[in-house]
Novice: 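Please read through the structure below; I'll follow up with questions.
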Amino acid sequence: MPYSFLTAETIPDYIREHPQLADRIDAAVIVDVTEVGDGNLNLVFIIRDVRGGGLVLKQALPYVRLVGPDWPMTPERARHEVEALRLHRSLAPNLVPEVFHFDADRYILGMEDLSDHRVWRGALNDGLMHEGAAELMGEYVAAVAFGTSIFGMDPEEQKMIAARSTNPQLCTITEDLVFTEPFSLGGRNTVIPANEGDAAALIADDVMVKAMGQAKFAFMTHGEALIHGDLHTGSVMVRAASGDDGPVDSAKAFDSEFAFYGPVAFDLGALWANYTIAAARATALGEDARAAWCLDLCDATWGSFENAFRTAWPTRRDPRVFTDDFCDDLLARWRSDTWLFAAAKMSRRVVGLAKASDVETLPEDLREGAARGLLQTARAAVRLRAEDSGTSHYIAMAGDALRTNSTR
Ligand code: SR1
Ligand code: MG
């Protein structure tokens, strides 16, 4: 069914027609409407009125914005996003933005304005260090892992929610772009000429390809929890308690249109991959201390995730066979799988469609080494996780690969 797209001109009328929005902002005194969508899929507007009110309207287009109408994509993803945001917010109220409006006919969400936050990827690219955000994201993943799984939810209710959350087209994007195309010929891969050998070596690496088959299988079959599904640093907003960086007083995971019942370690791997990508940028720029700080975020996220999950564990619904021993094994598997998913996620941002600005905005001579370092990190990760999947091992391995391959 065709539907009309929001524009800066039509937004005041749209707000007037929807009282739940009119409560947040006065359509008669709007001073600014800015389209800020920097993702690959949707329209996103920030609207402000003269009295300081603000809100975000996000509309799903019936195609992939990055490519255009030639790549149709169900706007039903907006429903997945709103339902995931609401369920996740019920579990982690401070870590997810509030949604107060959903227009199911035009696929529009009305959300809390987070203009006093920054998109974390942009902040990292600017060299800022937001302390505590990685820990908060670990808590968010744990709240979702426990609260949307059979550990925290009635199993029959969980199955009903899982059925509603089946998100086939968005999962296909991930299956293709994250787990398949970077490791095979004929996809939408692109690299600068200096990295062509690195991309070819990735495809020729049988150990890597087999590991990506394992990762893809896990992604497609392990319906553990209603995961975020695209938890990179561009899906996190951060706010420093004072000034531009330092300790945060808020961090929120948003943009959960890829949510579905999938493997918990996929979200953790996405965070690790993007911390590593931020470290690759810092290494390329000669900021070694900041690169080390970026890699330490992996430990911060894992540590708070494990701690929060273990804290929730005594309240699990069925302790008869889900014993403490079971919990230890589950956490060990998730930590090891985090390496695997991180390897997939960092590779795709280097060679596949939809790259990361951290590396893309480097001068080409520095980009070469950053890209190579990330691909070497990914290839080492799938090999070394079986030896020791501890966070310090990952951090040392990645730091070494990024430094060794830097073209600075
Ligand atoms: C075609 S969509 C490309 C990418 O953008 C999103 O952020 C997801 O990461 C997806 O893979
Ligand atoms: Mg997104």
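Atoms within each ligand, like the ligands themselves, are counted from 1 in listed order.
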Novice: Kindly check if the number of other-residue, nucleotide or ligand heavy atoms within 6.0 Å of CG (D206) is above 12?
Specialist: no
Novice: Does R188 count as lying over the ring of W71, i.e. NZ or CZ under 6.0 Å from the six-ring centre, within 45 degrees of the axis?
Specialist: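 Relative to the ring axis of W71, which defines the angle, R188 lies inside both limits.
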Novice: For the residue pair F5 and Y3, categorise the inter-ring angle as parallel (less than 30°), tilted (30 to 60°) or perpendicular (more than 60°).
Specialist: perpendicular
Novice: Look at the aromatic rings of F219 and F179 and report parallel, tilted or perpendicular, splitting at 30° and 60°.
Specialist: tilted
Novice: Which part of V67 is near ligand 1, with near meaning a heavy atom under 4.0 Å away: side chain, backbone, both or neither?
Specialist: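 The answer is neither; V67 stays 4.0 Å or more away.
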Novice: Can you name the atoms of ligand 1, numbered from 1 with element, that are less than 4.0 Å from a heavy atom of A354?
Specialist: 3 (C), 4 (C)
Novice: K355 near ligand 1, heavy-atom distance under 4.0 Å?
Specialist: no
Novice: In this structure, are over 12 heavy atoms from other groups packed under 6.0 Å from D244 atom CG?
Specialist: no
Novice: To check your reading of the model: name the closest protein heavy atom to atom 4 (C) of ligand 1, its residue, and the distance in Å.
Specialist: N40 ND2, 3.4 Å
Novice: Would R408 and D365 satisfy salt bridge (charged side-chain N to carboxylate O under 4.0 Å, His left out), going step by step from the backbone distance to the final call?
Specialist: CA-CA 8 Å; R408 185 171 177 75; D365 55 332; over 6 Å; no
Novice: Relative to the heavy atoms of V64, which atoms of ligand 1 are at a distance of less than 4.0 Å?
Specialist: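 By the 4.0 Å cutoff, the relevant atoms are 1 (C).
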Novice: Closer than 4.0 Å to some heavy atom of W71 - which atoms of ligand 1 meet that?
Specialist: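 Under 4.0 Å from W71, ligand 1 has these atoms: 1 (C).
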Novice: With heavy atoms of R349 as the reference, note each atom of ligand 1 found under 4.0 Å away.
Specialist: 9 (O)
Novice: So R24 and D113, salt bridge (charged side-chain N to carboxylate O under 4.0 Å, His left out) or not? Walk me through it.
Specialist: CA-CA 10 Å; R24 304 270 168 165; D113 175 21; over 6 Å; no
Novice: At the 4.0 Å heavy-atom cut-off, does H232 count as touching ligand 1?
Specialist: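 It does, in that a heavy atom of H232 comes within the 4.0 Å cut-off of ligand 1.
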Novice: Is the Mg ion (ligand 2) under 2.8 Å from any N, O or S atom of E257?
Specialist: no
Novice: F258 heavy atoms, cut-off 4.0 Å: which ligand 1 atoms fall inside?
Specialist: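 Going through ligand 1 atom by atom, the ones under 4.0 Å from F258 are 6 (C), 8 (C), 10 (C).
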Novice: Mark yes when over 12 heavy atoms from residues, nucleotides or ligands other than F217 sit less than 6.0 Å from its CZ; otherwise mark no.
Specialist: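 Not more than 12 within 6.0 Å, no.
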Novice: Does ligand 1 have an atom under 4.0 Å from some heavy atom of T174?
Specialist: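 The answer is no, since T174 has no heavy atom less than 4.0 Å from ligand 1.
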Novice: Counting from 1, what ligand 1 atoms have a heavy atom of D230 closer than 4.0 Å?
Specialist: 6 (C), 7 (O), 8 (C), 9 (O)
Novice: Restricting to N/O/S, name the atom of D255 that gets closest to the Mg ion (ligand 2).
Specialist: OD2
Novice: Under 6.0 Å between ring centres, would you say that holds for F341 and W334?
Specialist: no
Novice: Can you tell me the protein heavy atom closest to atom 11 (O) of ligand 1 and the distance?
Specialist: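 For this ligand atom, the closest protein heavy atom is R348 NH2, 2.7 Å.
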